[in-house]
Peer 1: 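So that we are looking at the same thing, I have put the structure below in structure tokens.
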Amino acid sequence: MPLWHVDEKGAVPMEQITQPKKRMLSGIKPSGDLTLGSYLGAIRNWKGREDSFDCFYFMADLHAITVRQDPAALRRRTIEQLAQYIACGLDPEKNTLFIQSHVHQHAELGWVLDCYTMFGELSRMTQFKDKSAKNADNINGGLFTYPSLMAADILLYQPDYVPVGEDQKQHVELCHAVARRFNGIYGEVFKLPEPFVPKVGARIMSLTNPSAKMSKSEAEDTGRVLLMDSPEVIMRQFKRAVTDSDTLVHFDREKKPGVSNLMTIYAACTEKSHEQIEQEFAGQGYGAFKTAVGEAVVETLRPIREEALRLMKDKAYLESVYQTGAQKASYVAEKTLRKVYKKVGFVAR
Ligand code: TYM
């Protein structure tokens, strides 16, 4: 039998009063418009958590400038990303939604953690290697130390879980290593967070090149689907999706990467298992399958797109959300930063 706490507001299970909620935190760089990959790999896994977790989600604009950005486009995308977070189901009354650069503690802890992250660790990061290959004329210091800033983003809030797609797991593991190193020197300053990767949809690939991740910062026409794409564009993208010379809808990432990617997307949108999908399309060929996947994606994204379009017109509301979010985030972040500054030996202001 659970114990109940009763007061003038009603009855609440005792454990909800005595145990503070666990915390979740994650972010996305506004370096491009959000894709189906950002949604299935990350945001879908963030929503609906607010009853069990204290949730913090942000637009990682500090991270976006590690690659050159057009300033006006970056500003536009940052605000639109907030509208899309809300449209995806993140209620700002119950989740703390904020812009990373509004909370100065991120950059400050980022610098401190730079001094506790090793050159060798940073050199091994897959994202650094990929991004340096793609931006050979701009391999800047920020691109290299990006994971220390990401560690700061996380550790400032002492979260239990960091819900991310597969590609960010390595960064969360590095954050763990940095936190452990720091705690080893100064005592238990940081909670060690766990990456929280979805079972289905953690790695959505390009529709035209299924060996590459679907990415928001790639040029158009690279087999990506944007959250804000119209149903016509989405259907066109799926009709053009690369499959193979076989006709069998069957899951095999190695031998059938295109079909397996489409199956993952379909499974994520319909909650059907691979076996159910294989049976559904047995003997039908790829045409019907691609159309069905396209339609499932259209229906998944339709309400999000419609709500985001409505919210994007309400600039005053969005501003109120990110201002309140920054205040709440800053309050939590400052507590950790103050502790860290004291531990490393800075004189209190
Ligand atoms: P970013 O902006 O590249 O991606 C944001 C989130 O979306 C997931 N994701 C995908 N998942 C499945 N398939 C895909 N094709 C796909 N593309 C993107 C990513 O795994 C990620 O969860 N460094 C981070 C942003 C960040 C952050 C943080 C995240 C900055 N600070 C602190 C968590 C905690 C990044 O570049 O994600």
Side-chain angles (χ1 to χ4, degrees), residues 23-46 55-67 69 74 77-78 81 84-85 88 98-101 103 105-107 109-110 113 125-128 130-131 134 142-143 145-176 178-179 193-218 222-227 257 260-261 264-265 267-268 329 333:
R23 204 169 265 169
M24 253 195 197
L25 167 129
S26 200
I28 300 184
K29 295 189 297 284
S31 51
D33 295 319
L34 295 182
T35 69
L36 181 63
S38 331
Y39 178 67
L40 296 181
I43 307 173
R44 200 172 68 118
N45 204 21
W46 303 355
C55 299
F56 291 78
Y57 302 118
F58 61 98
M59 283 63 76
D61 54 348
L62 295 177
H63 280 94
I65 63 162
T66 52
V67 171
Q69 302 292 333
L74 179 60
R77 281 197 304 261
T78 305
Q81 194 169 306
Q84 290 168 33
Y85 281 4
C88 284
F98 66 99
I99 299 176
Q100 186 188 24
S101 63
V103 182
Q105 290 86 350
H106 287 245
L109 183 63
L113 296 184
M125 293 293 109
T126 315
Q127 184 167 307
F128 173 67
D130 288 353
K131 291 253 150 103
K134 282 185 193 146
L143 198 61
T145 59
Y146 182 115
S148 324
L149 178 60
M150 179 158 159
D153 299 337
I154 297 170
L155 298 174
L156 276 173
Y157 299 89
Q158 312 277 5
D160 299 273
Y161 296 107
V162 182
V164 285
E166 189 69 44
D167 64 322
Q168 293 299 318
K169 237 174 114 180
Q170 195 186 32
H171 287 158
V172 182
E173 281 157 9
L174 178 60
C175 166
H176 222 262
V178 174
E194 293 301 327
F196 181 47
V197 177
K199 286 204 177 72
V200 181
R203 193 166 171 76
I204 302 295
M205 312 309 277
S206 150
L207 300 183
T208 49
N209 176 13
S211 60
K213 192 187 81 163
M214 184 182 284
S215 166
K216 62 178 137 51
S217 49
E218 297 291 331
T222 48
R224 59 171 205 199
V225 171
L226 302 180
L227 239 56
S260 302
N261 188 39
T264 302
I265 295 172

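Quantities reported herein were computed from a predicted structural model and do not represent experimental measurements. Atoms within each ligand, like the ligands themselves, are counted from 1 in listed order.
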Peer 1: Please identify which of these residues, Leu174, Val178, Val172, meets the side chain to side chain contact (heavy atoms under 4.5 Å, CB included) condition with Met150.
Peer 2: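 Exactly one candidate clears the test, Val172.
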Peer 1: Any non-hydrogen side-chain atom of Ser31 less than 4.5 Å from a side-chain atom of Lys216?
Peer 2: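 Yes; the side chains approach each other to less than 4.5 Å.
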Peer 1: Which residues satisfy the ring-ring contact (aromatic ring centres under 6.0 Å, His included) test with His171, sequence neighbours excluded?
Peer 2: Tyr146
Peer 1: Can you pull every nitrogen or oxygen pair between ligand 1 and the protein closer than 3.5 angstrom?
Peer 2:
{"from": "ligand 1", "atom 1": "2 (O)", "to": "Lys29", "atom 2": "N", "distance (Å)": "3.0"}
{"from": "ligand 1", "atom 1": "2 (O)", "to": "Lys216", "atom 2": "NZ", "distance (Å)": "2.7"}
{"from": "ligand 1", "atom 1": "3 (O)", "to": "Lys29", "atom 2": "NZ", "distance (Å)": "3.2"}
{"from": "ligand 1", "atom 1": "11 (N)", "to": "Gly37", "atom 2": "O", "distance (Å)": "3.3"}
{"from": "ligand 1", "atom 1": "13 (N)", "to": "Ile204", "atom 2": "N", "distance (Å)": "2.8"}
{"from": "ligand 1", "atom 1": "15 (N)", "to": "Ile204", "atom 2": "O", "distance (Å)": "2.7"}
{"from": "ligand 1", "atom 1": "15 (N)", "to": "Met214", "atom 2": "O", "distance (Å)": "2.9"}
{"from": "ligand 1", "atom 1": "20 (O)", "to": "Gly165", "atom 2": "N", "distance (Å)": "2.9"}
{"from": "ligand 1", "atom 1": "20 (O)", "to": "Asp167", "atom 2": "OD1", "distance (Å)": "2.4"}
{"from": "ligand 1", "atom 1": "22 (O)", "to": "Gly165", "atom 2": "N", "distance (Å)": "3.0"}
{"from": "ligand 1", "atom 1": "23 (N)", "to": "Tyr146", "atom 2": "OH", "distance (Å)": "2.7"}
{"from": "ligand 1", "atom 1": "23 (N)", "to": "Gln168", "atom 2": "OE1", "distance (Å)": "3.1"}
{"from": "ligand 1", "atom 1": "31 (N)", "to": "Asp153", "atom 2": "OD2", "distance (Å)": "2.6"}
{"from": "ligand 1", "atom 1": "36 (O)", "to": "Lys29", "atom 2": "NZ", "distance (Å)": "2.5"}
{"from": "ligand 1", "atom 1": "36 (O)", "to": "Tyr146", "atom 2": "OH", "distance (Å)": "2.7"}

Peer 1: What I'd like to find out is whether the side chain of Ile204 reaches to under 4.5 Å of the side chain of Val225, using heavy atoms alone.
Peer 2: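 They are not in side-chain contact.
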Peer 1: If you define the side chain from C-beta out and look only at heavy atoms, does anything of Ile43 sit under 4.5 Å from Leu34?
Peer 2: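 Yes, side chains in contact.
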Peer 1: Could you tell me if Gln127 and Asp167 have a donor-acceptor pair between their side chains, going purely by distance under 3.5 Å?
Peer 2: no
